[in-house]
Structures are given as C-alpha cells and as structure tokens.
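This report concerns only the one structure given below.
The sequence lines fix the lettering, A, B, ..., with proteins before strands; numbering per chain opens at 1. Reckoned from all heavy atoms, side chains included, excluding hydrogens, waters and symmetry mates.
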There are 2 protein chains.
Amino acid sequence: MRDRAIPEATVGRLPIYLRSLVEMAERGASTVSSGDLAEAAGVNSAKVRKDLSYLGSYGTRGVGYDVAYLIHQVRRVLGLTQDWPVLIAGAGNLGHALSNYKGFTARGFRIVAIVDNSKGKVGERIGSITVEHIDRLGQICRREEVAIGVICTPAAAAQEVADRMVAAGIRSILNFAPAVIAVPDHVSVRKVDLSIELQILAYYEQRKAVIEAVKGGRGAALDLAGVP
Amino acid sequence: MRDRAIPEATVGRLPIYLRSLVEMAERGASTVSSGDLAEAAGVNSAKVRKDLSYLGSYGTRGVGYDVAYLIHQVRRVLGLTQDWPVLIAGAGNLGHALSNYKGFTARGFRIVAIVDNSKGKVGERIGSITVEHIDRLGQICRREEVAIGVICTPAAAAQEVADRMVAAGIRSILNFAPAVIAVPDHVSVRKVDLSIELQILAYYEQRKAVIEAVKGGRGAALDLAGVP
DNA sequence: CAGTGTGAACCTTTTCACAGCA
DNA sequence: TGCTGTGAAAAGGTTCACACTG
C-alpha cells in the first residue's frame, strides 16, 4: 500500500505504537514483530499490521520491523519531525499542570504562551513563561506562529476562547473545558473531558454490579437496561 | 425498544447529552427536540434519536422529550443516581488539579483519598484530603468501598499502581499516565493521554499544510502520505 | 404537521485466514 | 519456517428516509 488517507482509528493508535517503539529502542531492540508491538500497545497483531500497512510496506517477512526506521516513519507521518508551537488559554489548575507537563516538550510540542483573562493571573510566572492577557492572543499567535491552542478555561468561557483562537488563525484545538465548542469546518477539535470519562466508567461499573446481582439470584427486581 | 446492551459509542455520548440537558433545564426548558439536543451536543439529530431509543421510548411524537424525565433516565442508565467513591494515585501536578476539580463532585464522584509513594507528599493536604501512603491503598479501598481508581503517576509507576488497585478490588480505572496498562478482563480501563491528543492534532494540522501547499501548486515534491 | 422511532442502506473498523516472501 | 501484507468476511456505527402518532 502506498500513500493516501490514513483511517482515523489508525491515526489514533500511531502515537501509542510510537511510544512503545521508542521504549523498545531505548532498551536496545533493533527489530520488532507485530506480535511484540501489539502486546506493548495493548492491541492485537492483525491490527498492528493493518495499521502499519497504511504507512507503507516497511516490514520484512519472517523478521519484523526495523525499530529505528519504523520510529522515523511514524514520526514523519504524524508530523512530529517539526516542532509545534502551542498556546494554552486558562491558567487555572489544569493550565498549570499542562504547562509543567514534561511529556509535551519531549514530543516536540513547545508551549510558547499562556493567556488568561483575570488580573490576578496575568504576570504570574509558570515555569519559564509569564501569563499574558487573553486580549494579546491574536498578536501572540501571529508572532509565534501558534499552530495548536489548548483550552483550559471554565466551560462558560470555552466558546469565546475558541472563537478568538479561530480568529487568530489557529486550526487545531484541544479542548479540556466541559463544553461542546462550535468551530468552522477547517478547524480540528479534540476534546478531553475528565468527568465524561468517569461517567462512562460508572456505566460499566454499575453494569457489573447488576450482572453480579443477577448471577447471585438476587436480581429479579433490578432494572436491566444496558445489561447483555 | 426495551433493555439490553447499549452500544459503546452511545454510552460515550450519553454524558454529553446529559450535560446539555441539565443546562437546558437550568434555563427553564421543559421539553426538547432531538434537533435541539443534537445542536447542543454537536452531533446530528438522527444520532440523538437512535441513542435515546436504546434507553426506551421516552419521546412524544410531534413534541420531543421531557427534559426532566430524560435527565432522570440518562442518569439512571449511567449509574449516576448513586455516588461513586474515587481514589486518586499520584499527588503531582495532575493529581492536584483533579483533586481540586469541581466537576467531579458535582456529578456524584466523591474523591475519598489521594495516595502517593513519596515521603514528601504523604501528609500534605489537598483541599479537605490528606495524602496517604500508597501502601495503605488496600485498606482505604476496603474501608471506603472505592469503585474507581484514577492513576496520575509517572508512566513508570502506572502498571504497579494498577496492579495494586486490582488487588484491592477496584474494577474501573481511569489512567492518565502515558503508558499502556494490563489488567484482568473484569476490570475496565479508560485512558486519557494528553500528548497523544496533541500528536493526533499534529497529524491533521500537517495534513492541512500539505493540502494547501498542493493547492498552491508548490506540492510536486512533497510527501503525500495520508493526504486524501 | 412536527417530530419520534426504526428498518434498511451505507460506511468504517476489526478480525480472519492465508498467500507470499526473506 | 516465521512473520508480513492484504483480500474477504464480520461486526459495529452512522445516516437515510419514512411510516406513524400525539
């Protein structure tokens, strides 16, 4: 297989493979089979092979994949051979945590600015960065060529911040605010919502409890919605 | 439609609908159509109707859904009519941010303990909770009947913490550590990986740049892997 | 007659299974 | 012989379109 669009589901797994591959390289591995990589990434080997086949035929039959070369290819496809200037909006708890998060810089994401709308926050230093007022967002984005905006504000401010980011030319947004934001088609949004994740876990947790109750013969009166 | 398993994709959207519904209720809405809810949740109306149909036939043709009643049903299905004791492992930046996050308590997730393995952290107060040593994880889980464990440790510690949680009887884990963790079948894991989200955005961002270059006629020599 | 509920069509993703190659 | 690469089948998810009803 050569070129053309990589399925979304695959794009979502490439960073996981990449992380596993980098760990393997650090441990001195020079080749890896789809089975090994599958185990490290927590998926099955057929999926690994299909996913990697979208990048090209980089494996050797009977042997596996060259770790260093595969790392290079995955990085290239994901666009990690360049570094990406990131702006964070919202200097609350989460904004702080993200600003200090080593995992970003390690992977080529350079936090170039943190903005906030509150007098109390502007001027504060977080790591090596000074919090600036959100009204400067446009200038900052142009000056630093910011590619990715991260929203760490309360839900009520999320849409307005997103609008400002879009106006400033940002085309990729990572939204941590617990709110749905509307953006034009050409802008990509990914969202991370902590309490949604917990709610999903609660569903499955509850389901297990109900199943157990039924198995134990105590379930006659229980509501079974969602139990297989 | 009555009872039985709700598709995963639908479970993932129910919390979003719930949030929109609660906002609508606060604004005084008493009924809502699938179209309204779809707009608020950022999906299309057919999806909303299909999703809600898995809960039962709670709508009224020609009218829509009763907001309060639907909120109740979604909460019931998700298991949010009870509260869930949560334990956080790792009192670093992210552990702090999560502990202080109001969105959890607001939705019935009660943080009952924070554990860490470092002398420096144990004894520290975060909000109303005192950080305890991770060796007490088992006792705490039993005493507080912890249902959900949240891993906010560095990647290197994630698997061991997960093992301890599983040993302590936890069956639902939310993993923020940038590592794949292995758990037995009966344990649900959801993961949130900040740098993976950025890497996915980088892929699409790069793709846009390449497409533009091609449109501008400057793309002959560019590598087009992943461009539709 | 506006808006739900849902079969049926369609698209995406996963899994299977095996031919083909180092 | 061992492992990749990939068609084909199966499963899962989304969208369409319309019969039905309050």
query = Expressed in angstrom and rounded to an integer, what is the separation of A:R13 atom CZ from C:dT13 atom C1'?
reply = 8 Å
request  = Considering non-hydrogen atoms only, spot the tightest contact between B:I170 and B:C141 and give its length.
outcome  = CD1-SG, 3.7 Å
task = Keeping the roles fixed (side chain from B:Q206, backbone from B:A202), state whether a donor-acceptor pair exists under 3.5 Å.
result = no
query = Over how many whole Å does the gap from B:I6 atom CD1 to D:dG13 atom C1' extend?
reply = 15 Å
ask   = Is any side-chain nitrogen or oxygen of B:Y54 closer than 4.0 Å to OP1 or OP2 of D:dG13?
value = no
Exercise: do A:Q73 and A:Y69 side chains pair donor with acceptor under 3.5 Å = yes
message = Tell me which residues in residues 14-44 of chain B lie within less than 4.0 Å of DNA chain D, going by non-hydrogen atoms.
response = B:N44
task = Measure from the side chain of B:R61, starting at C-beta and using heavy atoms only, and say which of C:dG3, C:dT14, C:dC16 lies closest.
result = C:dG3
inquiry  = Could you check whether any side-chain N or O of B:K50 sits under 3.5 Å from a backbone N or O of B:V48, counting only pairs where one atom can act as donor and the other as acceptor?
reply    = no
inquiry  = Check this one for me: any side-chain N or O of A:Y65 less than 4.0 Å away from OP1 or OP2 of C:dA22?
reply    = no
ask   = Between D:dT14 and B:R49, is there an OP1 or OP2 to side-chain N/O distance shorter than 4.0 Å?
value = no
task = Using a 4.0 Å heavy-atom cut-off across all strands, classify B:G62 as base, sugar-phosphate, or nothing.
result = base
task = Quickly, which of A:R190, A:K191, A:R107 forms a salt bridge (charged side-chain N to carboxylate O under 4.0 Å, His left out) with B:E197? Name it, please.
result = A:R190
remark   = Contacts of B:A46 and B:V63 projected onto DNA chain C by closest heavy atom; the upstream (5') one is B:V63
ask   = For A:P178, does its backbone N or O pair with a side-chain atom of B:R19 as donor and acceptor, under 3.5 Å?
value = yes
task = Give a yes or no on whether the backbone of B:D83 and the side-chain of B:R110 come within a donor-acceptor separation of less than 3.5 Å.
result = no
query = Taking the side chain of B:K47 as heavy atoms from C-beta outward, which of D:dT14, D:dC16, C:dT14 is closest to it?
reply = D:dT14
task = Grab the CD-P distance between A:E8 and C:dT13 for me, whole Å please.
result = 6 Å
key: Whole angstrom value for the distance that separates P of C:dT6 from CG of B:L52   = 12 Å
task = Name the closest nucleotide to the A:S53 side chain, picking from D:dG5, C:dT14, C:dA22.
result = D:dG5
